[in-house]
Amino acid sequence: MTRFAIVLSLTAIAVACRPAGGPAASPAPSANAWAVVNGHEITRDDVEKAYRRAAPENQTPSEEEAYTAKLNLLSELIVQDILLAKAKELKIELPESELENAFNEAKKNIPPAAFEEELKKRNLTAADMREDLRRNLLAQKVVDKEVGEKAKPSDADIKAFFDANKAQFNRNEDAIRLAQIVITPVREQQRANRTGDDAGSPQEAIAKAQMLMQRLKEGIAFGDLAADYSEDPESAQRGGDLGFVPISALAQAPPALRDAALQSNPGTVKLVSQGGAHTIVLVVAKDKKGQKDLSMPEVKDGISSALKNRKEQLLRAAYLSALRNDAVVVNLLAKQIVEAGGKVPAAAAPAAPAAPAAPAKKQ
């Protein structure tokens, strides 16, 4: 699992305060800074905490693998930082009660003692986890307001889609609407998702799958994670949506995938692992055979959801790109690694964290 302007009056003040000799010099970043976003530092400690939260279980990645993961996490934190600044500008807040409910939901299936032990082994605190969740939820609120509210289709849009696709609403058999996030242990030949994230080994694949399951528990939208991380190029561009799959087609799927779809209720997410590859399966809805029409809430809601998801993916990508273009971002870690010819500069290399033990079993 993303992981996003400067007020004009502040710009005016900065210009007014410049000395006559030229533009004011920006203060030098601290030794602990790994990126600077609109003057705000993202520190090595910030990235290391994010890395320890997502660290693979019982695995010791190479230095190159670890820093590839940290660079990806740093990129997510940069986008998130931009979104949090936007939240302040839009006066979007996260009530403490909402954060508390989300935090309790994220750990409800983990015994308290196991949760505390896992935090200890990853050198994290409950406050670290709450702060990560707060940032994620607040950033998501910005995207929901700036993108989600604008992507809602009209009744005319829904009717036009139904009229143009009536045949697909006459089902010859029962069907299940599914969405997926695919993770493979090998590099793909083409960019499959909007971040370019691609696991290249079994270790990277399992770590990525675990990270995405945790993001889902924290409330990040399935469609956003699929578009950002799924390694299936066809479904990733639709937020993982596979549409309604007939029961006869599901019967031909590998048993674990088939059972994850057939035996789960709508809203259920399951991780299916086989041969080093992983598929996160979301059961969106189940539908009976027969002719459907727009008087049926499930038909109208299904079309509305599909149309909204399409527009949302486009708007989100454009919105985040526009925000990033307007921000002043310096990725210091990336610059150091490039200048060192792909080696981790000594000044950037922190002490390696202890290998995390297996946490309480996740869903």
Rounded at 0.5 Å granularity, tell me how far [atom1] in [X] sits from [atom2] in [Y].
X: L216; Y: L282; atom1: CG; atom2: CG; answer: 8.5 Å
X: T43; Y: D46; atom1: OG1; atom2: CG; answer: 3.0 Å
X: E41; Y: L332; atom1: CD; atom2: CG; answer: 8.0 Å
X: K141; Y: L94; atom1: NZ; atom2: CG; answer: 6.0 Å
X: R194; Y: S321; atom1: CZ; atom2: OG; answer: 9.5 Å
X: K208; Y: H278; atom1: NZ; atom2: NE2; answer: 10.5 Å

Around atom [atom1] of [X], are there more than 12 heavy atoms of other residues, nucleotides or ligands at under 6.0 Å?
X: K292; atom1: NZ; value: yes
X: Q291; atom1: CD; value: yes
X: Q168; atom1: CD; value: yes
X: E93; atom1: CD; value: no
X: D163; atom1: CG; value: yes
X: K107; atom1: NZ; value: yes

Derivation of the side chain to side chain contact (heavy atoms under 4.5 Å, CB included) call for L73 and L71
CA-CA 5 Å; L73 287 167; L71 280 169; over 6 Å; no
When you look at L138 and L84, which way does the side chain to side chain contact (heavy atoms under 4.5 Å, CB included) test go after all the steps?
CA-CA 7 Å; L138 196 51; L84 294 182; 3.8 Å; yes
Counting only N and O atoms by type, is there a donor-acceptor contact under 3.5 Å from the side chain of [X] to the main-chain atoms of [Y]?
X: D128; Y: T125; value: yes
X: E65; Y: S62; value: yes
X: T279; Y: V281; value: no
X: S305; Y: D301; value: no
X: D174; Y: K289; value: yes
X: R52; Y: N123; value: yes
X: S304; Y: K300; value: no
X: N38; Y: V328; value: yes
X: K286; Y: L262; value: yes

Residue pair [X] / [Y], side-chain donor-acceptor N/O under 3.5 Å:
X: S235; Y: D232; value: yes
X: Q180; Y: S230; value: no
X: E105; Y: N101; value: no
X: Q80; Y: N136; value: yes
X: D157; Y: S154; value: yes
X: E231; Y: N193; value: no
X: D144; Y: Q140; value: yes
X: N309; Y: D241; value: no
X: T268; Y: N265; value: no

With heavy-atom distances below 4.5 Å as the criterion, would you say the side chains of [X] and [Y] are in contact?
X: R177; Y: D287; value: no
X: R258; Y: Q252; value: no
X: K120; Y: E116; value: no
X: K70; Y: E48; value: yes
X: I42; Y: V37; value: yes
X: K311; Y: K152; value: no
X: I280; Y: F222; value: yes
X: I206; Y: Q210; value: yes

Quick one: closest heavy-atom pair of [X] and [Y], and the distance?
X: S248; Y: E173; answer: OG-OE2, 2.7 Å
X: R171; Y: K288; answer: CD-O, 4.1 Å
X: K308; Y: G148; answer: CE-O, 3.5 Å
X: A192; Y: A236; answer: O-CB, 3.4 Å
X: V245; Y: A249; answer: CG1-CB, 3.9 Å

Single-linkage hydrophobic cluster [X]~[Y], side-chain heavy atoms < 4.5 angstrom:
X: V284; Y: I220; answer: yes
X: L137; Y: L323; answer: yes
X: L225; Y: V283; answer: no
X: I92; Y: L133; answer: yes
X: Y67; Y: V47; answer: yes

Walk me through whether E64 and K343 qualify under side chain to side chain contact (heavy atoms under 4.5 Å, CB included).
CA-CA 8 Å; E64 290 81 5; K343 296 180 181 179; over 6 Å; no
Under the ring pair (Phe, Tyr, Trp, His ring centres under 6.0 Å) rule, what pairs show up with a residue in residues 251-270, not counting sequence neighbours?
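Pairs touching residues 251-270 that pass the test: none.
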Ring pair (Phe, Tyr, Trp, His ring centres under 6.0 Å) contacts in which one or both residues fall within residues 171-191, not counting sequence neighbours:
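Residue pairs with at least one partner in residues 171-191: there are none.
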Using the salt bridge (charged side-chain N to carboxylate O under 4.0 Å, His left out) rule, take D132 and K49 through it: C-alpha gap first, then chi angles, then the decisive distance, then the call.
CA-CA 9 Å; D132 177 59; K49 283 184 180 180; over 6 Å; no
Between Y319 and K86, is a side chain to side chain contact (heavy atoms under 4.5 Å, CB included) present by the stated rule, with each step listed?
CA-CA 12 Å; Y319 179 73; K86 191 67 176 179; 3.4 Å; yes
With sequence neighbours excluded, residues passing ring pair (Phe, Tyr, Trp, His ring centres under 6.0 Å) with F169:
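With neighbours one apart ignored, the set is F162.
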Salt bridge (charged side-chain N to carboxylate O under 4.0 Å, His left out) for E131 and R134? Distances and angles first, verdict last.
CA-CA 5 Å; E131 175 60 13; R134 183 193 71 80; 2.8 Å; yes
Does this structure show an ion pair linking D198 with R191, if we count only N-O contacts that are shorter than 4.0 Å?
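Salt bridge between D198 and R191, a charged N being under 4.0 Å from a carboxylate O: no.
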